[in-house]
Every structure is written in structure tokens, then in C-alpha cells.
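Presented below is the structure to which this report refers.
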Amino acid sequence: MKDIKFNKQFFSTPIYYVNAKPHLGHAYTSIAADVAIRFKQMEGCETFLLTGTDEHGDKIVQAAENQKTTPEKYAKRVSKLFQDILPSLNVENNYFIRTTDPAHIKVVQKILLKIYNDEDIYFSSYEGLYCFGCERFYQERELQDGKCPDHGTTPEIIKESNYFFKMSKYQEWLINHIKTNPNFIRPEQYKNEILSFLKEPLEDLCISRPKTRLTWGITLPFDEKFVTYVWFDALVNYISALGYPDGELFRQFWPGARHFVAKDIIKPHGIYWPIMLKAAGIEIYQGLNVHGFWNVKGSKMSKSIGNVTNPLEVIDAYGLDQFRYFLMREMVFGLDANFTQKSIVSRINSDLANDLGNLFSRVLSMNHKYFQGKVKGTDPRIEKEKSLSLALEAESAIDGFQKAMSICAFSKGLEAVWQFISKMNKYIDTNAPWTLAKDEANIDELGTILYNLMEGLRVVTCLIYPIIPQTSLKMQKMLCIQRDGKQVYTLEEIRLWGQIKEETIIAKPGILFPRIDTGKKE
RNA sequence: GGCGACGUAGCUCAGUUGGUCAGAGCAUGCGGCUCAUAUCCGCAGAGUCCGGGGUUCAAGUCCCUGCGUCGCUACCA
């Protein structure tokens, strides 16, 4: 709600870790951010959407070794997969950042140095249980019978010196910041989770790794023998991509920054990141939008179960907008949702084909049949007498949509639109245009009804743009309301009732969403 | 172990601050229309809102407890 005051809005996805290929979860986050940013455009904002890849760290080195290549080449190859999938998802990002970009590396070092000079980073030794097979430290609770879960060997206690970031110093400040900015972490359940986590004393964060055990990272500017911890590197992407510190983009867009993340990485984003910014003397981002996980066929996606879903395959099977619609409609933002063939087919057939597609088809078809495609227009007297106006219904659909979408309640926003669609279907049934058409005397009433329906469709067409842009544009074209260059209608523009011009020739429609044959019954 | 989430009609789930909250969609059955993608409209249902206890004039809605499912526990969206 408060977001409205920012007329420049910056949204980001996480930068995706290149140790795996893009899957359904990545696609969801990216599409959610894309939907949200397109909605911001409807609110009249200038927008910037950022995504990218996180490429440093031990896991990448290992993955590269497994494929007998270098980390550089490996990271580049997988990064490209993430970059290449964006057009297929119709995600319109303004920039794609890689943490191996020289410009990014510079910014990370700059910030590390700043915090170091301000004495919020200190050198200290750390003692822990280290597994040489895994090349990592284990917490005691992670071990099984005191042994490494992967190697079955007993980790050795080793002492290592590292640099630590004084997060504890900012704990009270952060708690206060979260409490005084109610939209800082949304939805609320995740805000509570962070706050409850902050009830315990924060430990200082170990932000270095000695090069003796990891070289694939950004070298500390104040000690060449170390690289920085991946999160410290990764989080900085959000500002390095905007050209921090002097970039014009940074100056304009950073105050309106919201990050989209899945629930597993709320700690780095909700705790480390604001504290890093605070310590570096940088303005805190505006907020964090946290979403849940997609389960597939009832269980968590995992390689061992073999249900890791490739978004491209789903899109091939059902279509891009069908996929985007399903993701936004089926998941309550913040909660987990389930992905099955059955659920996506059901959404496509009932919501898209039967409700929206068929409505579009029947209205344009009647206009074609009764008026040879030429828009007749409204007779104000008849419209008033018979209460035929759909303007108020449209208005409330717009209101409901806006209210929900502005807090990322995508499913609720779509519900508001579909309620309106349902009302139009009832409206047709109630007014039975096919009966009126039998008598020439009813021609004005018939025209009024069809005009209201077409205006209703115009509103629907423009509202669904952020979710299913391709279809929206297709519908705009068919309704002859498409505009050159600017595809987005702002909410204010949409609200103006009566925009379709009389005498316009509207063609007979094709099928927007083919029904999917479920193969059963009859 | 600790922290957290969830458990509401056959299925998938909505239910702000406790008081028309017992709901929606899908599926099912019956009826209606014919403009439309065998689509649309109407009607019909059923649920001890996981169990138990408590607070209150009043609780899916708050508190406690039990059971069940799941997540996180610090480099997987």
C-alpha cells in the first residue's frame, strides 16, 4: 500500500545458484516478480526488474570438477540456461547480473572495505568439526552418531582463523526496523518467523574462507589470503546491478526496492542483508516478499524422487500463458502449493477455456452475427431503464484486483477478475440477446447489451495483462484497443468506461484457449 | 532437540482485528438455454471447521494440551 508513494519501483528475484538447472520453483519466483512489476506499471510506476545468477562457492567448484571443466566455464554455461529461459517465461527483466561480473566484484570489495574500516569486521579464530572429505565444517547436530553423514568418517576438530561480521551489534536496530516498517517482510507469517529468530542472540557471521580451501570467490580487499563468504557476495548483487554507489539507476530505483524470495532464504535476506546495508551506511531496501514452495504430485521436488519439474516442458505441453496463469492462480502467495497435471488441466479448462475464452468467443461472435462485427454502441435511455450497465461491476473488479495485487495476493486478484467474468456470463443468460435478436424492434437494446459486454471484456483484457501478457495483447488486438509501443493500460485508464468506439469493426474471434481433452467420459 | 507452519465439504483450498463464518472453485446429480470452445445459467447437497480442555455474553477465529502432516535449524526457488 505504502509502495504507491514510490513512483519508481525496483523488484528483484534472487540470483539463482548455478549448481542446478532452472526448475519450476525458479520459474515461479521469476514470473511472480514479473507479474508484480507489470502490475506496478499499471499503477503508473517506472520499473526495473533484476535477475541473475550466483556463481561462487564450493559447490560450484565441485560441480565443475564433476563435469571435468573449470568453475568459470561451468558457471557460464549454467548461467546461460537461466538467462535463456527468461524469454520463454516472458519475464521482462531490465538486467541480468552475474556475480562473476567484474563490476559486481568491485562493489563487493568496496563494501567489505568500508565495513572493515568501520571496524565491524574483525579477525578471530574459530574452532569446529571439519570433514576433509566434504571440505566443510559441521555443526554437531548435523552429524550422525558423531560422523559425517556423507562420508561416515569422524570429523576432526580444527582451528581456523577467519573474518567475522559484527551482526550482533545491529540486532536491536533490526528488530526495531522490522517492527516499525510493517511491510518490510511480507506475508506476516515470515515477519513473525524472523522476529522470533531474532529473540535469540545473533551470532556474528563468518564472512571469509581461507584460500587454502576455497579460491572460487571474491578476494577480501584487506587480506589476499581469503575469499568472501558467498552470501556476502551474492546479496550485494542487488545494488551492484544498479551501479552502486554513483549510478543513476541506483539513485533512482534503490529506494523502491523489493526482493522476491522463496521461504528458504529469508534469513540471508531478512537478517544479513539489512544489517550489511546498515553497516555500510546504505539505505535499507523497502521490503521482502516471501513465497512458499511448489510440491509436485504431493511431495517436495527432489532429484531422488524424480519429480523436479522443468518449466519448459510444462510450457510446451500447455502453453506459456496457461502456465503463468496456473502458477499465479493456484498458489496463495506465501504458502506452499501443489503442482499436478490434473490441477493445471482443470484450471485451464474451467477458468481459461470455459469461463474467459468462451465468454470472449460468444460475445464477439454475437456481435458478428447480429451486427456484422460493427460496434453498435449504447442507447443511454434503454441502458438506464433496464439497468443494463456493467460499469459498476467493472469498477469493483478493478478495485478488488488492485487491492489484492498490490500486496502480491495474485490468486485473490485473479479471483476478483473471474468474479466479473462470471457476472458477465450470467448477464448474457439473463438478457438472452438471441431472443432480442429475433425482433428488429429490440436492436437498440441488443446493441446496448453487447456494448456493455465488450466494455467488460476490455476491462478484463487490460487487467489480466500482468499475468498473461501475450493473451492480453491478442485480446486487445481483437477488440481494436491495442496501442503502438505502450502495451500497458494503467488502472486509471482502464477505469474510463466506454472506450470502445462505435462503428469499430470487430472480427470474429479465434479460440483463445483450446480445451484440453481429458480423455475421460462420454 | 529447538523454532515454525499446517490440519475446514469427495478433491484443492479461502476465511482481516473473535459476533450472518460455516464458504469458493472443481468434481457429482437434476433442470434450463442455444449466442458460444459439448461451452453458459439455475438448483441440490453433505462438513462435530483434527481430538480434548480453557478464556468470553460470543471462537475455525485467542490460550493450553494431545494427535497427525510438513518445513527450517544458518551456501537448494
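In this text the structure is predicted, and so the values were computed from the model without any measurement.
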Inset, instruction - Could you please name the option among B:C40, B:C75, B:C35 that lies closest to any side-chain atom of A:Asn358? - result: B:C40

Inset, instruction - Tell me which nucleotide among B:U34, B:C75, B:C40 gets nearest to the side chain of A:Trp434. - result: B:U34

Inset, instruction - In whole angstrom, give the distance that lies between atom CG of A:Leu81 and atom P of B:C76. - result: 19 Å

Legend entry - Separation of B:C75 P from A:Asp58 CG (nearest whole Å): 12 Å

Inset, instruction - Could you please name the option among B:A14, B:A36, B:U34 that lies closest to any side-chain atom of A:Arg362? - result: B:A36

Legend entry - Contacts of A:Tyr122 that satisfy ring-ring contact (aromatic ring centres under 6.0 Å, His included) - sequence neighbours left out: A:Phe164

Inset, instruction - Considering just the side-chain nitrogens and oxygens of A:Lys267, establish if one lies under 4.0 Å of OP1 or OP2 belonging to B:C72. - result: no

Legend entry - Pairwise P distance for B:C43 and B:U55, with rounding to whole Å: 43 Å

Could you tabulate the donor-acceptor pairs under 3.5 Å formed by side-chain atoms of residues 448-457 of chain A, not counting sequence neighbours?
from	atom 1	to	atom 2	distance (Å)
A:Thr448	OG1	A:Asp379	N	3.0
A:Thr448	OG1	A:Asp444	O	2.7
A:Tyr451	OH	A:Gly498	O	3.4
A:Tyr451	OH	A:Ile500	O	2.6
A:Asn452	OD1	A:Leu390	N	3.0
A:Asn452	ND2	A:Glu383	OE2	2.8
A:Asn452	ND2	A:Leu388	O	3.4
A:Asn452	ND2	A:Thr448	O	3.0
A:Glu455	OE1	A:Arg458	NE	3.0
A:Glu455	OE1	A:Arg458	NH2	2.8
A:Glu455	OE1	A:Gly498	N	2.6
A:Glu455	OE1	A:Gln499	N	3.3
A:Glu455	OE2	A:Arg458	NE	3.1
A:Glu455	OE2	A:Gln499	N	3.0
A:Glu455	OE2	A:Ile500	N	2.9

Inset, instruction - Can you sort out the partners of A:Asn19 under side-chain hydrogen bond (donor to acceptor under 3.5 Å, both in side chains), two or more places apart, ordered by chain and number? - result: none

Inset, instruction - Using the C1' atoms only, state how far B:C62 lies from B:C40, rounded to an integer number of Å. - result: 45 Å

Inset, instruction - Report which part of the nucleic acid A:Pro433 touches: base, sugar-phosphate, or nothing (heavy-atom distance under 4.0 Å, all strands). - result: nothing

Legend entry - N/O (side chain, A:Asn19) to phosphate O (OP1/OP2, B:C76) under 4.0 Å: no

Legend entry - For A:Gln419, all residues meeting side-chain contact (heavy atoms from CB on, under 4.5 Å), sequence neighbours excluded: none

Legend entry - From B:C75, B:U12, B:A36, nucleotide with atom closest to A:Ser365 side chain: B:A36

Inset, instruction - May I ask you to evaluate whether A:Arg515 reaches the phosphate of B:U39, defined as a side-chain N or O under 4.0 Å from OP1 or OP2? - result: yes

Inset, instruction - Using a cut-off of strictly less than 4.0 Å, decide whether A:Tyr272 has a side-chain nitrogen or oxygen near OP1 or OP2 of B:C75. - result: yes

Legend entry - ring-ring contact (aromatic ring centres under 6.0 Å, His included) pairs, two or more places apart, involving residues 403-450 of chain A: A:Tyr325-A:Trp418, A:Phe333-A:Phe410

Legend entry - Integer angstrom distance from the P of B:C13 to that of B:A74: 29 Å

Inset, instruction - If the plane angle is over 60° it's perpendicular, under 30° parallel, otherwise tilted; pick one for A:Tyr229 and A:Tyr272. - result: tilted

Show the distances under 3.5 angstrom between N or O atoms of the protein and N or O atoms of nucleotides 20-25 of chain B.
none

Inset, instruction - Nearest whole angstrom, please: distance from the P of B:U34 to the CG of A:Asn425. - result: 16 Å

Inset, instruction - Establish, with yes or no, whether the OP1 or OP2 oxygen of B:A27 is under 4.0 angstrom from a side-chain nitrogen or oxygen of A:Lys342. - result: no

Inset, instruction - Determine the Euclidean distance between corresponding P atoms of B:C64 and B:G10; express it in Å to zero decimal places. - result: 30 Å

Legend entry - Distance-only donor-acceptor check, side chains A:His259 and A:Ser12, under 3.5 Å: yes

Inset, instruction - Provide, to the nearest angstrom, the distance between the CG atom belonging to A:Asn349 and the C1' atom belonging to B:A38. - result: 12 Å

Legend entry - Whole-Å P distance, B:U16 and B:G23: 16 Å

